[in-house]
Amino acid sequence: MRRFFAAALIAAAVLPAAAAHAVQTEADGYTRYELLDPGSGKFHILYEITATTPGAKLYFNPIRPGSVATDEHVYDHATGQPLKFSVVHADQARAEGLSDADPHADYIRVELARPVPADGGQGRILIEKTYEDAKSYHLDGDDLIFDRPLGIKRNAVVLPKGWELVDANYPSQVIEQADGRIGIAFWNGTPAEAPLKLRARRIASGAPAKSSVDARVLDERAHQNRDIVYFLNPPETSSFFLYHDYTESRPGVGVYVNVVRTGSHANGPSGKNLDTGASLAVKILKGDAIAAAHLPSDEAPDKVTPDTEVVVFSFPPVPDHGSARLRMFETYTDVPSYHVDDKGELVFHRSFGRAADAVVLPKGWLLTNSSIPATVSTLDDGRVRLDFVNPRNDEIDVLLSARKR
């Protein structure tokens with residue numbers, strides 16, 4: 001799961017080579033606030049963040065002014081092992097490369113497990129801490145209030161056990177946790193902070209009955225771990241280069257199977273582990289070859305026909321308490337989805353099921369239509385990029401058109 005708008009899922013800006021330090025860049029921020037005893041003003045924080053500055057050995061996390069931080073722990077997401085850290089003032093953070101350090105703030109200085117690999121590599125960490133901030137978390141009579149502007153785009157707040165949500169001012173999923181606590185989760189798709197304010201009340205009749213709703217429908221969208229970027233080739237080719245990122249966290253799993261969408265054909269697949277920079281072993285299987293490969297049952301496609309095509313990526317099995325962040329590259333040809341119409345306009349029509357998707361138009365084409373709201377930016381080489389954020393557990397039907405300049 002900061003920087004963030006979806007465009008920054010990819011970007012890693014650096015200073016010119018002559019500069020003393022690279023600017024700290026980050027991605028995939030996600031924060032989970034677990035509210036502790038009402039009246040204590042305390043909440044437990046689990047903060048997932050990815051350092052993306054190539055070659056970085058350190059990461060600095062600010063301690064929010066007005067909050068008192070205790071019980072800090074930091075872990076490497078790839079291995080699950082603890083990382084060395086200390087709390088330093090802005091002066092030290094600035095001296096060690098954080099050029100924009102707030103002079104009035106303290107920072108958690110994290111020593112990364114390994115330097116961030118070049119060419120899009122990552123250093124994924126989990127910061128665990130407890131904040132005391134009565135201004136953000138307090139009682140109003142008998143009601144519990146959590147009132148806090150949140151700059152990180154993906155967030156979840158978990159109420160204390162025995163409390164129900166009665167007001168939420170920001171559109172959110174409401175998801176009962178395994179232990180009966182009520183969780184509130186959202187993805188902020190705007191460039192501004194989310195002015196979150198929650199109000200909760202004690203459940204008068206005791207703990208509610210466990211929900212019978214299918215847990216798969218209630219998957220927390222804000223904590224999604226997949227995103228994809230499409231780079232459209234010249235439209236007469238009906239092909240597009242893409243990469244999709246995925247975090248595998250199941251211990252012992254060392255295979256990812258991508259089922260090629262019906263009507264598409266995959267070419268030239270490759271992949272790498274973003275945590276280490278190591279390449280992945282890749283092969284394309286079709287029809288009977290899929291069954292012969294004896295893929296893990298939870299990875300193999302449900303139904304295999306002679307035309308079924310899969311791309312199999314292999315990597316070292318995930319260790320206990322660890323995970324692997326994978327990036328898979330492929331080129332697809334799909335005439336129905338991507339073509340030039342009879343008026344000479346580029347048409348790209350595809351459903352997106354992930355929470356974060358992006359499309360980059362070919363060079364020299366100007367955007368004329370987008371059926372789904374997107375954030376639009378222009379890359380350094382003049383290509384237009386659209387970033388789509390869908391906070392719901394459904395698909396969006398994206399129809400784009402463009403005209404040659």
Side-chain angles (χ1 to χ4, degrees), residues 1-9 24-36 38 40-51 59-72 74 100 102 104-108 124-140 143-160 163 165-175 177 181-200 220-225 227 355-356 375 387 389-392:
M1 296 89 234
R2 132 221 93 211
R3 90 234 134 176
F4 185 173
F5 209 63
L9 288 167
Q24 175 169 292
T25 58
E26 57 192 42
D28 299 336
Y30 167 82
T31 309
R32 177 181 169 96
Y33 300 86
E34 298 183 338
L35 306 186
L36 303 181
S40 68
K42 294 183 178 182
F43 40 92
H44 183 229
I45 294 176
L46 296 168
Y47 178 48
E48 300 177 14
I49 191 66
T50 298
Y59 175 79
F60 294 92
N61 173 234
I63 296 174
R64 187 161 175 161
S67 297
V68 177
T70 56
D71 302 325
E72 296 103 330
V74 184
D100 59 348
D102 181 344
H104 306 293
D106 289 331
Y107 289 81
I108 298 176
R124 297 178 300 121
I125 58 178
L126 169 65
I127 299 175
E128 187 174 1
K129 53 192 173 183
T130 297
Y131 269 1
E132 183 175 354
D133 187 344
K135 182 178 179 181
S136 295
Y137 176 43
H138 57 270
L139 290 172
D140 179 17
D143 289 354
L144 176 159
I145 303 294
F146 185 73
D147 185 356
R148 193 174 179 86
L150 301 180
I152 299 301
K153 301 305 178 184
R154 301 184 298 134
N155 299 276
V157 179
V158 182
L159 302 180
W163 291 73
L165 178 69
V166 294
D167 285 303
N169 71 332
Y170 202 88
S172 306
Q173 285 182 289
V174 178
I175 304 174
Q177 310 296 290
R181 292 179 297 165
I182 300 299
I184 301 96
F186 65 88
W187 186 315
N188 174 10
T190 77
E193 290 184 327
L196 183 69
K197 184 173 183 179
L198 306 177
R199 181 179 293 269
E220 187 186 311
R221 190 68 159 180
H223 203 215
Q224 69 88 39
N225 59 12
D227 48 79
T375 298
D387 283 275
V389 172
N390 177 18
R392 305 183 307 272

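Note: hydrogens, waters and symmetry copies are ignored here, and every other heavy atom, side chains too, is used.
- Taking the side chain as every heavy atom from C-beta outward, F186 and L150 approach each other to under 4.5 Å.
- When all heavy atoms are compared, the tightest approach of A156 to E220 is CB-OE2, 3.7 Å.
- Of all the heavy atoms in Y30 and I152, the pair that sits closest is N-CG2, 4.0 Å.
- Between N61 and K129 the shortest side-chain heavy-atom distance falls below 4.5 Å.
- Rounded to the nearest 0.5 Å, atoms CG (D147) and NE2 (H138) are 6.5 Å apart.
- A salt bridge is absent between R64 and D133: the closest approach of a Lys/Arg side-chain nitrogen to an acidic carboxylate oxygen does not fall below 4.0 angstrom.
- Remark: A105 pairs with D102, Y107 by the side chain to side chain contact (heavy atoms under 4.5 Å, CB included) rule, at least two apart or across chains.
- With a 4.5 Å cut-off on side-chain heavy atoms, E128 and H44 count as touching.
- In this structure, S172 and I184 approach most closely via the heavy-atom pair CB-CG2, 3.4 Å.
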TODO: Start with the C-alpha distance between L159 and R181, add both sets of side-chain angles, then the distance that settles side-chain contact (heavy atoms from CB on, under 4.5 Å), and finish with yes or no.
DONE: CA-CA 6 Å; L159 302 180; R181 292 179 297 165; 5.8 Å; no
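- Under the 4.5 Å side-chain criterion, counting only non-hydrogen atoms from C-beta, V157 is in contact with L196.
- Panel note: side chain E26, backbone I49; no donor-acceptor pair is recorded below 3.5 Å.
- Ring geometry for F43 against F146 counts as perpendicular: the plane angle is over 60°, on a 0 to 90° scale with 30° as the lower cut.
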Open item on the list: Before you tell me yes or no, could you show the steps for Y137 and Y33 under ring pair (Phe, Tyr, Trp, His ring centres under 6.0 Å), namely the whole-Å CA-CA distance, both residues' side-chain angles and the distance that decides it to 0.1 Å?
Closed with: CA-CA 11 Å; Y137 176 43; Y33 300 86; over 10 Å; no
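- Separating the CG atom in L35 from the CD1 atom in I145 is a distance of 11.0 Å, to the nearest 0.5 Å.
- The shortest non-hydrogen separation linking R148 to S136 is NH1-OG, 2.8 Å.
- Side chain of K153 to backbone of A222: no donor-acceptor contact under 3.5 angstrom is found.
- Between K197 and D167 the shortest side-chain heavy-atom distance does not fall below 4.5 Å.
- Distance CD1/I182 to CD/Q177: 8.0 Å, rounded to 0.5 Å.
- Heavy-atom minimum distance, A168 versus L198: CB-CD2, 3.6 Å.
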- [ ] Check step by step if side-chain contact (heavy atoms from CB on, under 4.5 Å) holds for L139 and L144.
- [x] CA-CA 5 Å; L139 290 172; L144 176 159; 4.3 Å; yes
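- Proximity of a side-chain donor or acceptor of R221 to a complementary backbone N or O of R392 within less than 3.5 Å is detected.
- The closest donor-acceptor contact from the side chain of D143 to the backbone of R199 lies at 3.5 Å or more, if one exists at all.
- To the nearest 0.5 Å, atoms CG (D106) and CZ (F60) are separated by 12.5 Å.
- The CD1 atom of I108 lies 5.0 Å from the CD1 atom of I63; values are rounded to the nearest 0.5 Å.
- Across all non-hydrogen atoms, the minimal contact from V389 to G189 is CG1-CA, 4.4 Å.
- Atoms OG1 and OH, from T70 and Y131 in turn, are 10.5 Å apart once rounded to the nearest 0.5 Å.
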